[in-house]
2 protein chains.
Amino acid sequence: MSLHDLPAVHQECGDCPIRHRAVCARCESDELARLEQIKYYRSYQSGQTIIWSGDRMDFVASVVTGIATLTQTMEDGRRQMVGLLLPSDFVGRPGRNSAAYDVTATTDVVMCCFRKRPFEEMMSQTPHIAHRLLEMTLDELDAAREWMLLLGRKTAREKIASLVAIIARRDASLSLRRSKGEMVVDLPLTREEMADYLGLTLETVSRQISALKRDGVISLEGKRHVTIPDFDRLLEEAGDDTDGGLLI
Amino acid sequence: MSLHDLPAVHQECGDCPIRHRAVCARCESDELARLEQIKYYRSYQSGQTIIWSGDRMDFVASVVTGIATLTQTMEDGRRQMVGLLLPSDFVGRPGRNSAAYDVTATTDVVMCCFRKRPFEEMMSQTPHIAHRLLEMTLDELDAAREWMLLLGRKTAREKIASLVAIIARRDASLSLRRSKGEMVVDLPLTREEMADYLGLTLETVSRQISALKRDGVISLEGKRHVTIPDFDRLLEEAGDDTDGGLLI
DNA sequence: TTCAACGATTGATCTGTATCAAGGCTGCCA
DNA sequence: TGGCAGCCTTGATACAGATCAATCGTTGAA
C-alpha cells in the first residue's frame, strides 16, 4: 500500500514516488522514459493552498515530502477534512478536470506533477499504471469507509485515540519501524486540523487529549510529540477491533 | 457514472449491468464472449446477508436488481452504513480475497457474479475493464467523501434532507426522469437503516422526518413514499451548495 | 523589552441528540 | 376475529459535546 511495499527496481529514480507506486515494480524502461518527459516538481509553503475546490486541474501529482490535507467547506464555513496526504500519496483524478476539494499544505510540501493529458495517454497505453492506480484508489476508499465509521459512531475520546493510532500506524509503515513496545509519534496537525479531521471542535480535541494523557494512554512532550506506552491499550480506547490492515 | 450514462452498444446483454459499466461502450465481441463464460447469477431475499465481513470472497459482482447495503459493525454493536448499492453498482475488490464489510440485501436482490480469478485475468488483458473500474471506484470515493462531510458536520435535519436529496437524484438518473418541478421518491430504507446511514438513532430520524413534513419541505404518503414539492428548497435544507454532479 | 499573534488549555453553560419508555398502525397468521 | 410482530411515532429526561469566554505559553517582530 505504501511507497515502500513495492520493490524499488529502479534505484536511480528514488526521488519520485509515483514511479514506485505506479510503475517500478514491473516496469519497462521506455515507460520510465516517457514518465520522465512529462513530470515536473512544485513546492509549496506550510499553510499555502495548493488547489482550490472548483479549480481547473490540468495535472495529477504525487506527494514527495510534507503533508497536505483535502477539505470540504460548507457555505457557512463548517469544514470537514476528507483526506490526509502523506508522502507517496496521489492527488487528482484522471478523467475529471476540476478539483472537488481544497488541497492545503500543512507543512512545506513538494509535489511531483504530471501534466494530465500525456499522463492519461500513457495510462491508456500501459496497463500497469491504471492497475496500480486502481489499487491505490481502492485503498483510499477503504480508508474513507473506516473514517465514516469513526465520524458516524465513535465518541470524542475514541475519535482521538483512533487518530493517534492511525498516524502511528502510517508512520510505522512509512519508516518500516515495527517495534511492538513503545511507539512515538509526531502529530502533523494542529488541534484545529484534528478537529476538522474528526468532526469535533478544537476545544473538545484539546480536552480529550488531556483526558487520555491523564489516564496514561498517551504521554505528551510539548504539544505535538506523543509517546504511546501500550499500543494495544490505545486500540482498545479507539474501539478498534481490526488491528490488522489499517489503511491510510 | 450510472448504468445509463454509457451507450448500450450491445442491446442483447441488457440484463447484465457490468457489461455496460465495464465493457460495452467500446467493447470488442471477444471480450464479451469471455465475460459471458465466467459469469453467473445469484439471488437473495430481503434481509438476507450476502457477504459477512471477513468472509473469503472468490467473486466480484454487480447488482442487477434490488438494493443492498455495506455496513461496518463495532464490537459493542454500533453500526455504520458505509455504502448503498443500487442496480449497476459494483461489489468486491480485485486483488483482495476477504470481504471488509457486511453486505446485506434490503430488498430482494439479484447479483451478476464473476469468479474472481478469471475476472482478474481478463482485467489484466483488457484495459477497458480496468479503466472503467477505476472510474467507478473514483466516483465511489467522491461519494464517500461527500458522505464524510454529512457525518462529521451536518445537523440531524440536514442529514435527513441530504439523504432524501441523494436518493431522489439517484432515482432520477436511473430512470432518466429529470422533471424539474415536483419529485417523487420511494425511500428504500427503514428508519433504522436510515439511522445507520446517517450516524443517528432511529428516533431522531423519525422526529426529523416529521419536522420536514410539518414544515412543508416534503410530504409523505404512508411511511416510505415521499413527494418533494420544491427540490431547491430541499437542497437548501440539506446545506448543499453543490447542485451539480452528485455522486452515488 | 514589549507587544501582538497564534495555538492550546480550561471553565461555565447551553443545546442537540441519545436514551428510555409508552403507545399506535399495519399486515399476517392462527 | 384476535393477537402478535415489525415498524414507526411521540414524549420525558439525560448527557456528550458545542459554544462562549478567559487565560497561558511561545514565537517573532517592532
Side-chain angles (χ1 to χ4, degrees), chain A residues 45-48 69 74 76-80 104 106-107 150-164 186-215 218-226 237 239, chain B residues 45-48 69 74 76-80 104 106-107 150-164 186-215 218-226 237 239:
Chain A
Q45 293 185 333
S46 171
Q48 203 179 344
T69 64
M74 294 174 67
D76 61 4
R78 281 176 281 175
R79 290 163 54 85
Q80 176 64 52
T104 312
T106 66
T107 64
L150 179 150
L151 289 171
R153 294 302 186 192
K154 291 192 177 180
T155 65
R157 184 183 174 98
E158 288 169 337
K159 285 178 177 181
I160 298 288
S162 298
L163 176 58
V164 174
D186 275 299
L187 300 175
L189 304 174
T190 65
R191 299 290 185 262
E192 187 174 12
E193 287 163 339
M194 290 186 226
D196 285 342
Y197 189 115
L198 300 170
L200 298 170
T201 59
L202 71 95
E203 293 95 330
T204 300
V205 169
S206 180
R207 275 186 248 273
Q208 295 300 335
I209 288 178
S210 299
L212 288 178
K213 190 172 69 175
R214 174 167 31 75
D215 300 344
I218 58 175
S219 64
L220 284 187
E221 278 163 71
K223 276 107 184 26
R224 300 289 194 95
H225 194 78
V226 177
E237 290 285 352
Chain B
Q45 293 184 333
S46 172
Q48 203 179 345
T69 63
M74 293 174 68
D76 61 4
R78 281 176 280 174
R79 289 163 52 86
Q80 175 64 51
T104 312
T106 66
T107 64
L150 179 150
L151 289 171
R153 294 302 186 191
K154 290 192 178 179
T155 65
R157 184 182 175 100
E158 288 169 336
K159 285 177 176 180
I160 297 288
S162 299
L163 176 58
V164 174
D186 275 298
L187 300 175
L189 304 173
T190 66
R191 300 291 186 261
E192 188 175 12
E193 287 163 339
M194 291 186 226
D196 284 343
Y197 188 115
L198 299 170
L200 298 170
T201 59
L202 71 95
E203 292 96 330
T204 299
V205 169
S206 180
R207 274 186 248 273
Q208 295 300 334
I209 288 178
S210 300
L212 289 177
K213 190 171 70 175
R214 176 168 28 75
D215 300 344
I218 59 175
S219 65
L220 283 187
E221 278 163 72
K223 277 105 180 31
R224 300 290 195 96
H225 193 77
V226 177
E237 291 285 350

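Below, chains carry the letters A, B, ... as their sequence lines are ordered, and counting in each starts from 1.
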For this session: Please tell me which of A:R153 and A:L189 maps to the more 5' nucleotide of DNA chain C, matching each residue to the nucleotide holding its nearest heavy atom.
Result: A:L189
Please enumerate all protein N or O atoms sitting under 3.5 Å from an N or O of nucleotides 14-17 of chain D, with distances to 0.1 Å.
{"residue": "D:dG17", "atom": "OP1", "partner": "A:A156", "partner atom": "N", "Å": "2.8"}

Using a cut-off of under 3.5 Å, enumerate the N/O to N/O pairs linking the protein to nucleotides 22-24 of chain D.
none

Exercise. Which nucleotide sits closest to the side chain of A:R191: D:dC8, D:dT9, C:dA8?
Worked result: C:dA8
Exercise. Is the distance from OP1 or OP2 of C:dG7 to the nearest side-chain N or O of A:S206 less than 4.0 Å?
Worked result: no
Problem set entry | Of all pairs that satisfy salt bridge (Lys or Arg N to Asp or Glu O under 4.0 Å), the ones with a partner from residues 187-202 of chain B, not counting sequence neighbours | A:R153-B:D196, B:R79-B:D196
Exercise. Does B:Y197 offer a backbone N or O that forms a donor-acceptor pair with the side chain of B:Q80 under 3.5 Å?
Worked result: yes
Seminar exercise, completed: Those residues at least two apart in sequence (or on a different chain) that pass side-chain contact (heavy atoms from CB on, under 4.5 Å) with A:T107 are A:I67, A:V109
Exercise. B:T155: what forms a side-chain contact (heavy atoms from CB on, under 4.5 Å) with it, not counting sequence neighbours?
Worked result: A:R78, B:R157, B:E158
N/O-N/O pairs, protein side and nucleotides 20-26 of chain C side, under 3.5 Å:
{"residue": "C:dC20", "atom": "N4", "partner": "B:E203", "partner atom": "OE2", "Å": "3.2"}

Problem set entry | Whole-Å distance separating the CG atom of B:L212 from the C1' atom of D:dT9 | 15 Å
Exercise. Between D:dC8 and B:R224, is there an OP1 or OP2 to side-chain N/O distance shorter than 4.0 Å?
Worked result: yes
Show every donor-acceptor pair shorter than 3.5 Å between a side-chain atom in residues 203-211 of chain B and any protein atom, with sequence neighbours excluded, or say none if there are none.
{"residue": "B:T204", "atom": "OG1", "partner": "B:T201", "partner atom": "OG1", "Å": "3.1"}
{"residue": "B:S210", "atom": "OG", "partner": "B:S206", "partner atom": "O", "Å": "3.0"}

For this session: Go through A:L220 and A:V226 one step at a time and tell me if the side chain to side chain contact (heavy atoms under 4.5 Å, CB included) criterion holds.
Result: CA-CA 5 Å; A:L220 284 187; A:V226 177; 3.4 Å; yes
For this session: Take the C1' atoms of the five end pairs on each side of the helix from C:dT1-D:dA30 to C:dA30-D:dT1, derive the two axes, and give their angle rounded to 10 degrees.
Result: 20°
